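If you're wondering where the values come from, they're calculated on a predicted model, not measured in any experiment. Heads up: numbering here begins at 1 and tracks the sequence.
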Amino acid sequence: MNNGLILFHNEGIRYLLRDKKKIRDWIQKTILSEKKELGHINYIFADDEYLHDLNVRFLKHYTLTDIITFDNS
């Protein structure tokens with residue numbers, strides 16, 4: 001595999017993600033099967049307040065969403 005990095009974080013909640021290695025392996029295999037290159041991926045499991053703040057600050061949305069993605073390429 002390449003020098004990409006997959007990290008998992010928590011913000012404002014207590015959440016235990018099981019089998020992180022298994023999930024990382026699956027993500028890497030999926031990326032390779034699509035003939036793409038793994039960069040840096042951060043998954044942040046967060047409470048509603050944190051997500052709402054990101055929506056307001058970066059996307060100028062004043063509603064709550066379940067998922068926010070940022071393309072840093």
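- When all heavy atoms of Asn10 and Ile13 are compared, the closest pair comes out as CB-O, 3.6 Å.
- The ring-ring contact (aromatic ring centres under 6.0 Å, His included) pairs that include a residue from residues 6-25 are Phe8-Tyr43, Tyr15-Phe45, where partners are two or more places apart or lie in different chains.
- The closest donor-acceptor contact from the side chain of Lys35 to the backbone of Leu32 lies at 3.5 Å or more, if one exists at all.
- The OG1 atom of Thr63 sits 7.0 Å away from atom NE2 of His52, with the distance rounded to the nearest 0.5 Å.
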Next item on the list: Kindly determine whether Tyr62 and Val56 satisfy side chain to side chain contact (heavy atoms under 4.5 Å, CB included), including the steps that lead there.
Entry: CA-CA 6 Å; Tyr62 296 90; Val56 172; 3.6 Å; yes

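- Considering CG of Asp53 and CG of Asp47, their distance stands at 10.0 Å, rounded to 0.5 Å.
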Margin query: One pair to check against side chain to side chain contact (heavy atoms under 4.5 Å, CB included): Ile31 and Ile6. What are the steps and the verdict?
Written below: CA-CA 12 Å; Ile31 289 169; Ile6 301 169; 5.6 Å; no

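- Residue Ile68 shares its hydrophobic cluster (ILVMFWY side chains chained together at separations under 4.5 Å) with Ile44, Tyr50, Leu51, Leu54, Phe58, Leu59, Leu64, Phe70.
- Between the OG1 atom of Thr30 and the NZ atom of Lys36 there is a distance of 13.5 Å, given to the nearest 0.5 Å.
- Here the side chains of Gln28 and Asp25 are in contact, with some heavy-atom distance below 4.5 Å.
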